[in-house]
Structures are given as C-alpha cells and as structure tokens.
Amino acid sequence: REIRSWMNSLSSRPYEVFPTSKRKRAQGSVGWMLEEVTLRTGHGYHNPFPDEKWASVPDLWAAYVAGYLSSTPAPQCPGGSTPVCVVVRYEDIVRRPDAVVEALRE
C-alpha cells in the first residue's frame, strides 16, 4: 500500500501501531506518526517484531515493504516455519483474478 494512503488510514484507525511515548493517537492526526512507534498486537495475534521500535511510521512502512520485496515479510511464522511471500499487483488481481489464482497454484 502506498505510504500516504496507509498513514491516512492509520490516522482514523491505528489498530496495533502505537507511539512509544505516552502521547495519544488523536483521530485524524498524523503528528504522532512522525515519532518513535512500536507494534502491540492483541492476544491471539502473532507479532513478528516483538519489542521492535521504529523512528516513525514511515520507517515502519519502509521495513514492511523491504520485507515483501525480499520475500521475507516476517522473520518467522507461529510454529517456526518461514513465510512464503508472493507480491501481486493490485491491478492484476482486479483485472485478471483467474489468471492470478492459476499462476499462484503453480
């Protein structure tokens, strides 16, 4: 996802992204995203980066995208398996879903 779009979405619903300071995540604000952040997942969700901190949301986004580009979005899945990653363009999913699914089966 494009970073501006993602940050706009986070300004309304930040879910598991939190500033490491005690600053509040004001709805509609991106100011807190320019400070150090961390991920805090709820019970039952796997956090592939426990205790990890990023200088800002753009730095978190860069780490996330780098993982996909290197086919390693997370260091390890629950149970110890290594994730398999395939990047599919949004346009291909929308315009040619059958071809995309067929290619993924192979």
Side-chain angles (χ1 to χ4, degrees):
R1 187 169 191 182
E2 196 272 330
I3 189 167
R4 288 177 297 174
S5 172
W6 186 54
M7 287 179 72
N8 186 51
S9 177
L10 283 177
S11 73
S12 298
R13 293 174 189 84
Y15 299 109
E16 67 273 348
V17 180
F18 290 87
T20 57
S21 68
K22 299 300 180 189
R23 183 175 177 175
K24 293 194 182 270
R25 303 173 298 172
Q27 189 166 6
S29 172
V30 297
W32 65 270
M33 295 182 219
L34 302 176
E35 299 174 4
E36 187 177 72
V37 295
T38 190
L39 295 177
R40 285 191 239 150
T41 56
H43 180 71
Y45 293 94
H46 174 65
N47 183 350
F49 306 104
D51 304 318
E52 187 77 29
K53 295 176 183 165
W54 293 270
S56 64
V57 165
D59 285 340
L60 167 59
W61 180 85
Y64 182 75
V65 170
Y68 276 96
L69 294 176
S70 68
S71 298
T72 56
Q76 193 173 28
C77 292
S81 63
T82 302
V84 174
C85 177
V86 177
V87 177
V88 179
R89 293 184 322 164
Y90 173 78
E91 295 83 1
D92 291 339
I93 293 171
V94 171
R95 294 182 183 152
R96 306 177 313 116
D98 294 336
V100 169
V101 170
E102 187 59 37
L104 290 172
R105 277 191 202 137
E106 297 172 0

Once rounded to the nearest 0.5 Å, what's the spacing between atom [atom1] of [X] and atom [atom2] of [Y]?
X   : Y   : atom1 : atom2 : value
E36 : F18 : CD    : CZ    : 15.0 Å
R96 : R89 : CZ    : CZ    : 7.5 Å
L34 : D59 : CG    : CG    : 10.0 Å

Would you call the rings of Y64 and W6 parallel, tilted or perpendicular, where under 30° means parallel and over 60° means perpendicular? parallel
Would you find a donor on one side and an acceptor on the other, under 3.5 Å apart, between the side chain of R25 and the backbone of L10? no
Would you check if [X] and [Y] make a side-chain contact, meaning some heavy-atom pair closer than 4.5 Å?
X   : Y   : answer
L39 : L60 : yes
T38 : F49 : no
W54 : V17 : no

M33 reachable from Y15 in the ILVMFWY side-chain graph, under 4.5 Å edges: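 Result: no, two separate clusters.
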State yes or no: do W61 and V30 share one hydrophobic cluster built from I, L, V, M, F, W and Y residues joined by side-chain heavy-atom distances below 4.5 Å, directly or via other members? yes
Picking from R23, K53, K22, what satisfies salt bridge (charged side-chain N to carboxylate O under 4.0 Å, His left out) with E35?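 So the option named by the test is R23.
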Compare every heavy atom of [Y] with every heavy atom of [X], then report the nearest pair and how far apart it is.
X   : Y    : result
S11 : S29  : CB-O, 3.6 Å
P19 : W32  : CD-CE3, 3.8 Å
D92 : V100 : O-CG2, 3.5 Å
M7  : P58  : SD-CG, 4.1 Å

Those residues that, when tested against E91, pass salt bridge (Lys or Arg N to Asp or Glu O under 4.0 Å) (two or more places apart):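 With sequence neighbours excluded, E91 shows a salt bridge (Lys or Arg N to Asp or Glu O under 4.0 Å) to no residue whatsoever.
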